[in-house]
Amino acid sequence: MAQISKPVRPHRSATTSTIILLTLLSPCMAQTKTTSPFTDQATGIQFQRFFGARTNFGFGIALPQTPNTSFIGQLTFPLVNRAGWGGFSLTGDMEGPLLMAAWADGAGGVVSSFRQAFDEDNDPPEVTGAFSVRPIAEATSANGSFLTYTFLCEGCLGAALGLDAAAATTAEMGWALGSRAVRNPGSSAGALAFHDTGFGDFEADLAAARSAQFDTWAALAGAPLQPAAGARAFDLAAGDGEGDSGDEGGADEGDRDGEESDDDD
Ligand code: HEM
């Protein structure tokens, strides 16, 4: 009697199916980007920089050879008819850690402001604490369409602020870019609107951000900026970002067009 042989079907394991599914989904899933080397032309400062090719938002970080509580940062981003703001978070979250936002003051200068968010519904208030920012004028400018802000941030790193660079070789950090005008832009307490252009997180290669030239670069920094009257004390208890990991997914949500999967320039 002739046997009816069963057609041989390639067996697809659950793992294979998962891989196929992830491959299909990957173009629309945000991928965490890592910083890469970038040298500022005006000062020669060597940063590890996150750069979003869709938005042209950049954030660079440079650290001393033996990391302490200071870093040199550089924010670069387009403005829309002089309007808009850009910023970073010391963690991948908005709520809790030390944030900094910068914008054009409308008179050729750059205003920066330390912020701390306690929710994602309101403009985060300006905060003050044992940290300060000292602009590096040679590499700070704003015109109608682009802003560059280079600064020494002293006392800005530590576990309670969100990032302990002495204890980490990589760290997740966050970025945000808004196109709408800051209300009362001449003040560091100016009111920010939602980061409608983009936001998300990235991985900062802190080991590669270290440089023996840090002190030479830091010597370029000017006087510390003072916060506006009414800035509140940074809440150290909220600053480590603990307990708000639930909003991780927000980065993907806000970046549906694949910003984070773009290549670095
Ligand atoms: C009016 C001001 C602001 C509003 C209304 C706002 C609102 C929000 C909202 C609703 C989300 C979550 C979006 C989602 O899950 O789809 C978010 C995420 C985020 N925001 Fe803001 N934000 C403001 C200012 C800022 C500032 C000043 C910074 C940094 C300087 C910042 C950094 C971030 C980051 C890094 C994320 C991603 C964090 C995560 O998903 O956990 N935001 N923001």
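Read the numbers this way: they start at 1 and go in the same order the structure lists the ligands and their atoms. Side-chain atoms are counted along with the backbone in the values below, which use heavy atoms only and exclude waters and symmetry mates.
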> Which bit of Phe88 is near ligand 1, meaning a heavy atom under 4.0 Å away: side chain, backbone, both or neither?
Replying inline: backbone
>> So, applying side chain to side chain contact (heavy atoms under 4.5 Å, CB included) with Ser179, which one of Asn81, Asp196, Leu79 is it?
In response: Asp196
> Relative to the ring of Phe202, is the ring of Phe59 parallel (under 30°), tilted (30 to 60°) or perpendicular (over 60°)?
Replying inline: tilted
>> Within the structure, is a non-hydrogen atom of Met100 found at a distance of less than 4.0 Å from ligand 1?
In response: yes
>> My understanding is that only one of Leu75, Thr150, Thr140 makes a side chain to side chain contact (heavy atoms under 4.5 Å, CB included) with Val110; could you say which?
In response: Thr140
>> As an exercise, identify every atom of ligand 1 less than 4.0 angstrom from a heavy atom of Phe199.
In response: 13 (C), 14 (C), 16 (O), 18 (C), 19 (C), 36 (C), 37 (C)
> Any idea which of Gly174, Ala191, Ala193, Gly92 brings a heavy atom closest to atom 38 (C) of ligand 1?
Replying inline: Gly92
>> Between atom 21 (Fe) of ligand 1 and His195, which N, O or S atom of the residue is the nearest one?
In response: NE2
> Against heavy atoms of Ala176, which atoms of ligand 1 measure under 4.0 Å?
Replying inline: 31 (C), 32 (C)
> Which atoms of ligand 1 have any heavy atom of Leu192 under 4.0 Å away?
Replying inline: 1 (C), 2 (C), 27 (C)
> When the ring planes of Phe88 and Phe151 are compared, do they come out parallel, tilted or perpendicular, using 30° and 60° as the limits?
Replying inline: parallel
> Phe194 heavy atoms, cut-off 4.0 Å: which ligand 1 atoms fall inside?
Replying inline: 1 (C), 4 (C), 6 (C), 7 (C), 8 (C), 9 (C)
> Looking at Phe114 versus Phe131, is the centre-to-centre ring distance below 6.0 Å?
Replying inline: yes
> Would a hydrophobic clustering, with Ile, Leu, Val, Met, Phe, Trp and Tyr connected at side-chain separations under 4.5 Å, put Met173 with Val133?
Replying inline: yes
>> Residue-level breakdown please: for Asp93 versus ligand 1, do any non-hydrogen atoms fall below 4.0 Å on the side chain, on the backbone, on both, or on neither?
In response: both
> Just by modelled atom types, is the Ala181 backbone N or O under 3.5 Å from a matching donor or acceptor in the Trp103 side chain?
Replying inline: no
